[in-house]
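Below is one structure; the comments refer to it alone.
Proteins come first, then strands; the chains are lettered A, B, ... in the order of their sequence lines, and each starts at number 1. Nothing here was measured: the structure is a model prediction, and the numbers come from that model.
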Amino acid sequence: MLGIIIFIVILVASFILAVASKKGAIASNMNDVMTASGSFGGFLVFFVSVGEIYALGTLIGAPGAIFAQGANYGVWFIGYVLLAYVVGYFLNPASWRLGQLSKAMTLADNIGWRYNSKVLEVIVACVGIGFLTPWIQNQFAGMAILFNYLNIGINFYGAVVISSILAFVYILIAGIRAPAWVSILKDILLVAAIIIIGIAAAIHHNGGVTGIFQTVQSTHPESLFVQPGKPVGFTISTIIFQMCGFYMLPITFQAVLTSRNEKILRENTIFMPLYMLMFPFLVITAYFAVATIPDLPNKDFATLAVAVDTLPNWMMGFIAGGGAITAILVMAMTALCVGGLFSKNIIGVIRPKTKEKTLVVLVRVVTAIFLCFGMITAIYFPNIMANVITIAYGGLSQTFAGVLLGFFWKKTNKWSVGAGILCGVATYAILVNMFPNPLGLNSGFWALAANFIVTIILSLIIKPDALTVKRFEAFQLARPNRKIS
Amino acid sequence: MKERIPAIIIGFCIPMIAILGLFPMYNRAEPFVFGFPFVYFWLFIWLVITSLCLLVANKIDPYNKPDVIENGKKTLEAAKAYAEAAETEIANAKEVK
């Protein structure tokens, strides 16, 4: 009973935060709904970033996958997220600067403007929407695991309906501002839950952390490091392509656009790796499960099984609430990005005369439709948790080649970038379905490599149009250390 | 670009080498440190060291100097004007055709 009260209090608190975030929001303005008019300082940019990066995949998926696959998964996950911030230090300020020139509200705006191509804009939007589908499904699947296992008095269907409505209401109230503010609550709860479960696991095992790993070494020694041979290549190749793709996810890119200036984006990267200090607790949780409940039938239950085994019952409401708010937030941001891509970069291109007001309404309609869609897929396919992230990255990271080369190579053009993206996505689809992971390297790595090769070769052959060249020059002129004569 | 090289080395190259380059060296269970297998211990200390690297990179990055930031506002406006002028120019050229 106490559990469900805590759960409800958390949801109500998030709603109050969402309402409070409305201050300064302009509901009829597209730029405000999508990027808060680029008004956020370091604090909110930080929270809107971590808010969507660390999802239920972190709380449930990561320990579940480490439990199932050992260090192969743990090293990959920690490695790629950490290095993504290093890439972001240099990439994001440049993306932001280009966004200022292109008046970008989405990732597709940036690429479409740089290469002077509406078709490319639509391609990027379609890839974004298509590969964000597994992302949102993953959130619902996580909720299914959460509510089926914790049993706090609300069943999965009830939880999903409440969550979807809340996610929609956030966006309706204040666009991206609501998720940014709610994220503060969400991250406190998520980190607290992760640390509490980790500590509880360490306390419950003889010999603490040392004891846990000693037990694992005698029973599952192979799970303590990445196995030599193929797993090494797979881990490294996955880290490389996902660190490139990290800030190409429409949701992480959206956080970049909310920033007031580019210095904030650089400074925030100092704190991003420190925020990852919650990972030792997830690793403890995962290996506690390996040591004590190795026969758990569904590996995705690892975190929750450890929580149920080690924590008092009323704490389950707290974990369910923190988990639900995490899922809701990521759903809200994902659906908002899909709404923006569809409305601005597809309908806005097909029907250029559509009024801004109509487009903003459309953002909300698509947000709602996408949430319903996610809800339905989750009810029919509730069990796919692992590897979904990699599928999403396989597609979403393909914009990296065009974005990166576009910053410093004059010759890149709409044909080369468009062909590169399509080739990358096609390569990924073919490899995953027919010849997964050639030579032991991740299919996504091959796809991104193919993308780069196609983009570079076609850039050498085909000439960019005049406006594309001018826009490249404009971007070079924007360099902050350029001497103005 | 040239003046940013120290920041690139410290903020980019060092963490990349530590995580990707040295992978074969640190990918092992033993020795256990603070109870953790060595591979995890290595990743965890690099969370802190990477943060320090980025702190130093922020300090020495010429792009973060106050006068460069002020200058950056001007270059950005100049670039916007340049892009807009180019757009009208090319649109006009098309009309003439």
Side-chain angles (χ1 to χ4, degrees), chain A residues 71 74-75 78-79 82-83 85-87 89-90 93 97 100-102 207-214 217 221 224-226 228 232 235-236 239-240 261-263 266-267 269-274 276-277 279-280 283-284 408 466-467 470-471 473-484, chain B residues 1 3-4 7-8 11-12 14-16 19-20 23-24 26-30 32 34-40 43-44 46-55 57-58 61-65 68-87 89-91 93:
Chain A
V75 171
I78 298 169
L82 177 63
L83 293 184
Y85 297 139
V86 172
V87 173
Y89 179 92
F90 296 95
R97 216 176 304 140
Q100 290 294 307
L101 298 178
S102 68
V209 178
T210 311
I212 292 173
F213 286 104
Q214 273 169 359
Q217 204 188 16
L224 291 179
F225 61 100
V226 181
V232 170
T235 303
I236 297 281
I239 290 177
I240 292 174
N261 60 47
E262 53 175 276
K263 187 164 178 260
R266 279 193 287 270
E267 285 175 345
T269 58
I270 301 170
F271 302 101
M272 291 297 198
L274 295 181
M276 293 179 74
L277 287 171
F279 276 90
V283 170
I284 293 170
F408 48 77
L467 193 53
K470 291 280 183 191
R471 284 174 176 172
E473 288 166 359
F475 180 75
Q476 303 307 316
L477 289 178
R479 243 181 329 115
N481 64 345
R482 182 175 65 90
K483 296 216 167 46
I484 297 179
Chain B
M1 190 69 189
E3 54 273 37
R4 290 191 90 192
I8 293 172
F12 187 86
I14 291 180
M16 287 289 165
I19 305 297
L20 294 174
F23 183 80
Y26 70 79
N27 178 33
R28 49 200 287 173
E30 285 169 323
F32 288 76
F34 300 122
F36 287 102
F38 191 75
V39 57
Y40 282 111
L43 290 173
F44 296 156
W46 273 94
L47 298 179
V48 179
I49 302 175
T50 304
S51 172
L52 288 175
C53 288
L54 290 168
L55 177 73
N58 262 286
D61 194 337
Y63 277 21
N64 275 348
K65 281 187 195 155
V68 176
I69 289 168
E70 273 313 304
N71 189 58
K73 288 177 190 162
K74 288 179 204 149
T75 57
L76 192 59
E77 287 313 310
K80 278 183 191 169
Y82 181 85
E84 268 161 35
E87 206 144 326
E89 184 192 318
I90 286 172

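- Note on A/K470, A/R266, A/K263: by heavy-atom pairs under 4.5 Å with chain B, the leading option is A/R266.
- In this structure, B/M16 and A/I240 have side chains that are not in contact, with every pair of non-hydrogen atoms separated by 4.5 Å or more.
- Closest non-hydrogen pair, A/F271 versus A/E267, comes out as CD1-O, 3.7 Å.
- Interface remark: B/L55 contributes backbone and side-chain atoms alike to the contact with chain A (heavy atom separation under 4.5 Å).
- The contact between A/L83 and chain B is made by backbone and side chain atoms together, counting heavy-atom distances below 4.5 Å.
- Heavy atoms of B/E87 lying under 4.5 Å from chain A belong to its backbone as well as its side chain.
- A ring-centre distance under 6.0 Å is not found for A/F279 and B/F44.
- Heavy atoms closer than 4.5 Å to chain B are found nowhere in A/Q214, neither backbone nor side chain.
- Looking only at distances, no side-chain donor or acceptor of A/R479 sits under 3.5 Å from a matching main-chain atom of A/N481.
- For A/R471, the part lying under 4.5 angstrom from a heavy atom of chain B is the side chain only.
- Both the backbone and the side chain of A/L277 come within contact range of chain B, each with at least one heavy atom under 4.5 Å from a heavy atom of that chain.
- Using a 4.5 Å cut-off between heavy atoms, B/F12 touches chain A through backbone and side chain atoms alike.
- Ranked by non-hydrogen atom pairs under 4.5 Å with chain A, the options B/I69, B/V48, B/D61, B/L54 are led by B/L54.
- For the pair B/V39/A/L224, no side-chain contact is recorded, criterion being any heavy-atom separation below 4.5 Å from C-beta on.
- Looking at B/I8, the atoms closer than 4.5 Å to chain A (heavy atoms on both sides) sit in the backbone and in the side chain alike.
- When heavy atoms are compared at a cutoff of 4.5 Å, B/L47 approaches chain A by way of both its backbone and its side chain.
- Ion pairing between a basic and an acidic side chain is recognised when a charged N comes within 4.0 Å of a carboxylate O; B/K74 and B/E77 show no such pairing.
- The residue among B/G72, B/A79, B/A83 with the most heavy atom pairs within less than 4.5 Å of chain A is B/A79.
- At a 4.5 Å heavy-atom cutoff, B/A85 makes no contact with chain A through either its backbone or its side chain.
- Using a 4.5 Å cut-off between heavy atoms, B/E84 contacts chain A through its side chain alone, with no backbone atom that close.
- Smallest separation of non-hydrogen atoms from B/L43 and B/Y26: CD2-OH, 4.1 Å.
- Atoms CZ and OH, on B/R4 and B/Y63 in that order, are 5.0 Å from each other to the nearest 0.5 Å.
- Chain A forms more heavy-atom pairs under 4.5 Å with one residue of B/G11, B/A29, B/A86, B/S51 than with any other, namely B/S51.
- Across A/T269 and B/N58, no two heavy atoms sit closer than the pair OG1-ND2, 4.2 Å.
- Nearest heavy-atom pair, A/G79 versus B/I19, reported as atom, atom and distance to 0.1 Å: CA-CG2, 4.3 Å.
- Each of B/I49, B/L52, B/T50 has some count of heavy-atom pairs under 4.5 Å with chain A, and the biggest count is that of B/T50.
- If you measure heavy-atom distances from B/Y40 to chain A, the contacts under 4.5 Å come from the side chain alone.
- For chain B, the nearby part of A/F90 is the side chain; its heavy atoms alone come within less than 4.5 Å.
- Looking at B/F36, the atoms closer than 4.5 Å to chain A (heavy atoms on both sides) sit in the backbone and in the side chain alike.
- The minimum heavy-atom distance linking B/W46 with B/I14 is given by the pair CH2-CG2, 3.8 Å.
- B/P15 touches chain A through backbone and side chain together, each having a heavy atom under 4.5 Å away.
- The shortest side-chain heavy-atom distance between B/F23 and A/V75 falls under the 4.5 Å cut-off.
- Highest contact tally toward chain B, considering only A/L274, A/T210, A/V283, is held by A/V283 [criterion: heavy-atom pairs under 4.5 Å].
- Contacts between B/V68 and chain A at a heavy-atom distance below 4.5 Å involve backbone atoms as well as side-chain atoms.
- In terms of heavy-atom pairs under 4.5 angstrom with chain B, the leader among A/A466, A/G211, A/A474, A/P221 is A/A474.
- B/N27 contributes a side-chain N or O that, together with a main-chain N or O of A/V226, makes up a donor-acceptor pair within less than 3.5 Å.
- Of the atoms belonging to A/Q476, not a single heavy atom falls under 4.5 Å from chain B.
- For the pair A/Q217/B/P37, no side-chain contact is recorded, criterion being any heavy-atom separation below 4.5 Å from C-beta on.
- Put simply, the side chain of A/E262 does not reach to within 4.5 Å of the side chain of A/Q100, judged on heavy atoms.
- Top candidate by heavy-atom pairs under 4.5 Å with chain B, chosen from A/Y89, A/F475, A/Y85, is A/Y89.
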